[in-house]
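Numbered from 1 within each chain, the chains take letters A, B, ... in sequence-line order. Fair warning: this is a prediction, and the values are worked out from it, not measured in the lab.
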2 protein chains.
Amino acid sequence: MSDLLERLRGRGWRMTAQRRVVAEVLDGEHVHLTADEVLARATARLPEISRATVYNTLGELVSLGEVLEVATDGRAKRYDPNAHRPHHHLICSGCGTIRDVRPTGDPLADLPASEHFGFTVSGVEVTYRGLCPTCAPTP
Amino acid sequence: MSDLLERLRGRGWRMTAQRRVVAEVLDGEHVHLTADEVLARATARLPEISRATVYNTLGELVSLGEVLEVATDGRAKRYDPNAHRPHHHLICSGCGTIRDVRPTGDPLADLPASEHFGFTVSGVEVTYRGLCPTCAPTP
DNA sequence: GTTATTGCAAAGAGTTTGCATCTCC
DNA sequence: GGAGATGCAAACTCTTTGCAATAAC
C-alpha cells in the first residue's frame with residue numbers, strides 16, 4: 001500500500017518495526033501530523049516505540065527528501081508525506097486543519113529577476129489561509 | 001522616523017520606554033528579527049528591559065496586525081514590521097537570511113474554486129527558497 | 001559479527017505565565 | 001488614582017542528545 005515504504009527499501013534503508021510503523025502512519029493524502037501525533041498513532045500499533053525514535057525517523061525521512069516539514073503558525077512542526085507530489089497548502093486559521101492544494105500557474109515564474117537580489121532561486125512554497133467549513137461563522 | 005510608532009500612538013497604545021524601544025528596533029526594510037535578537041538590541045538601548053516584556057510586546061504588535069510572524073524552517077519565529085506593505089519572502093537555505101520580495105501576479109487568483117474544499121480563502125503567503133550570493137557555491 | 005538503530009532520561013531552545021511592583025494617562 | 005505594563009523566575013512545549021543495550025543485514 002505504501003509507496004513510501006517501497007521507496008525506502010529500494011534506497012537500502014535498514015528496516016525496523018519502528019521505522020515501518022512511522023512510515024505507515026504517515027502514509028496518505030492530506031496527512032500533516034505533528035511528531036506527537038505520529039508518536040501517538042505509532043504507539044497504538046507498537047507500544048514500545050520511543051519518542052526519540054519517532055523524532056530520529058522523521059528527521060531522516062526529511063533528510064532523504066521523502067517527507068516535508070511544514071512550519072505552521074502554531075507550535076509544533078507538521079510532517080507531509082507527499083514530497084513527490086508537488087502541491088501547496090491551505091490552512092484553516094480557526095482549527096489549523098491543512099489541505100493539500102494545487103494552484104494553477106507557476107509561482108516561481110512570478111518572481112522577476114529584479115527581485116532575486118543575487119540569489120539562486122530554487123523553490124517556492126505557497127500557503128493559503130482561510131476558514132474551513134466547520135470554523136466559518138454561521139450567518 | 002517610525003511609521004510604526006506613529007500608527008501605534010494613533011491607536012491609543014499606551015506608550016512606555018520599553019514598547020518604544022521594541023518598535024524602534026523592529027523598524028526598517030528587510031528586517032526579520034527573532035525575539036532574542038529584538039531583546040539583545042533593545043537591551044543595548046534600555047538595559048532594564050526584560051525578556052517577558054519583549055515577548056508581550058511582540059505578541060501585541062502581532063495581534064494589532066502591525067507586525068507579522070514569519071515561521072521559518074529553523075527554530076525561532078521572526079518578526080516582520082512591514083505588515084502594511086504587501087510582500088513575500090526569499091529565504092537563503094544556507095544562512096537563513098530573508099529578503100522581502102514582490103512577485104508579479106496575484107497568487108490568490110491562482111487557486112481555482114475546485115481547490116477551495118469549502119474554505120473561505122482570505123490570504124496567501126509565498127516563500128521563495130534559494131541561495132544568497134554569499135552562500136552560493138563558488139564555481 | 002558489525003554496524004546501525006533503539007530507548008531512556010536528561011538537557012536544551014524557545015515561549016508563556018502568575019504575581020507583586022511600578023508607571024503612564 | 002486606577003487600569004494597565006513591567007520584571008522576575010518558574011513552568012511549559014517541542015526537540016535534541018549521550019550512551020548502553022539491542023536488532024538488522
Side-chain angles (χ1 to χ4, degrees), chain A residues 5 8-26 32-64 66-80 96 98, chain B residues 5 8-26 32-64 66-80 96 98:
Chain A
L5 277 173
L8 291 170
R9 225 185 282 273
R11 282 179 170 228
W13 208 48
R14 182 179 286 200
M15 192 53 62
T16 66
Q18 290 85 341
R19 289 176 163 193
R20 182 168 22 249
V21 168
V22 169
E24 283 172 0
V25 158
L26 279 176
H32 310 90
L33 301 171
T34 63
D36 237 47
E37 290 166 346
V38 172
L39 174 62
R41 297 184 188 202
T43 300
R45 300 195 193 188
L46 186 71
E48 66 269 33
I49 195 172
S50 75
R51 180 176 301 275
T53 295
V54 168
Y55 275 102
N56 285 343
T57 304
L58 290 173
E60 275 165 41
L61 291 172
V62 171
S63 296
L64 288 168
E66 296 290 349
V67 165
L68 298 173
E69 274 183 9
V70 183
T72 65
D73 273 356
R75 292 231 217 30
K77 290 179 205 157
R78 293 184 173 273
Y79 295 88
D80 181 338
I98 307 180
Chain B
L5 276 174
L8 291 169
R9 226 186 281 273
R11 282 177 169 231
W13 207 49
R14 179 179 288 199
M15 192 55 62
T16 66
Q18 291 85 341
R19 288 176 165 199
R20 181 167 24 250
V21 168
V22 169
E24 284 172 2
V25 158
L26 278 177
H32 310 89
L33 301 172
T34 63
D36 238 48
E37 289 167 347
V38 172
L39 174 62
R41 297 183 188 203
T43 300
R45 301 194 192 188
L46 185 70
E48 65 270 33
I49 196 172
S50 75
R51 181 176 299 276
T53 296
V54 169
Y55 275 102
N56 286 343
T57 306
L58 290 172
E60 274 166 41
L61 291 172
V62 171
S63 296
L64 288 168
E66 296 291 349
V67 165
L68 297 174
E69 274 184 9
V70 183
T72 66
D73 272 356
R75 290 232 219 27
K77 290 178 204 158
R78 294 184 173 272
Y79 294 89
D80 180 338
I98 306 180

Side chain to side chain contact (heavy atoms under 4.5 Å, CB included), that's the test. Do B/M15 and B/L5 meet it? Break it down for me.
CA-CA 9 Å; B/M15 192 55 62; B/L5 276 174; 3.9 Å; yes
To the nearest Å, how far apart are A/L8 CG and C/dT5 C1'?
15 Å
Between CG of B/L58 and P of D/dA5 the distance, given in whole Å, is 15 Å
Hey, which of these two, B/R14 or B/A52, hits DNA chain C nearer its 5' end, going by closest nucleotide?
B/A52
Residue pair A/Y55/B/I49 against DNA chain D: nearer the 5' end by closest nucleotide is B/I49
Minimal non-hydrogen separation, A/R14 against A/R19, with atom names
O-NH1, 3.0 Å
Please state how far atom CZ in B/R19 lies from atom C1' in D/dA3, giving the value in whole angstrom units.
12 Å
Inspect the surroundings of CZ in B/R41 and state if more than 12 heavy atoms from other residues, nucleotides or ligands are less than 6.0 Å away.
no
Specify the separation, in whole Å, of atom CG of B/L39 and atom C1' of C/dG14.
12 Å
With nearest nucleotides of DNA chain D determined for A/W13 and B/T16 from heavy-atom distances, which residue corresponds to the more 5′ nucleotide?
B/T16
With no hydrogens and no angle check, is any side-chain donor or acceptor of A/R78 less than 3.5 Å from a backbone partner on A/T72?
no
Ignoring the backbone of B/N56, work out which of C/dG7, C/dT15, C/dT17 is nearest its side chain.
C/dT17
Starting at atom CZ of B/R51, determine the distance to atom C1' of D/dA11, rounded to an integer number of angstrom.
15 Å
Please check the phosphate of C/dG7 (OP1 and OP2 only) for any side-chain N or O of A/T53 closer than 4.0 Å.
yes
When rounded to whole Å, the CD to C1' distance for the pair B/E69 and C/dG14 reads 12 Å
Roughly how many Å is it from CG in A/D36 to C1' in D/dC12, rounded to a whole number?
13 Å
Give a yes/no on whether any side-chain N or O of A/Q18 is located under 4.0 angstrom from OP1 or OP2 of C/dG7.
yes
In whole angstroms, the gap separating P of C/dC8 from CD of A/E48 amounts to 9 Å
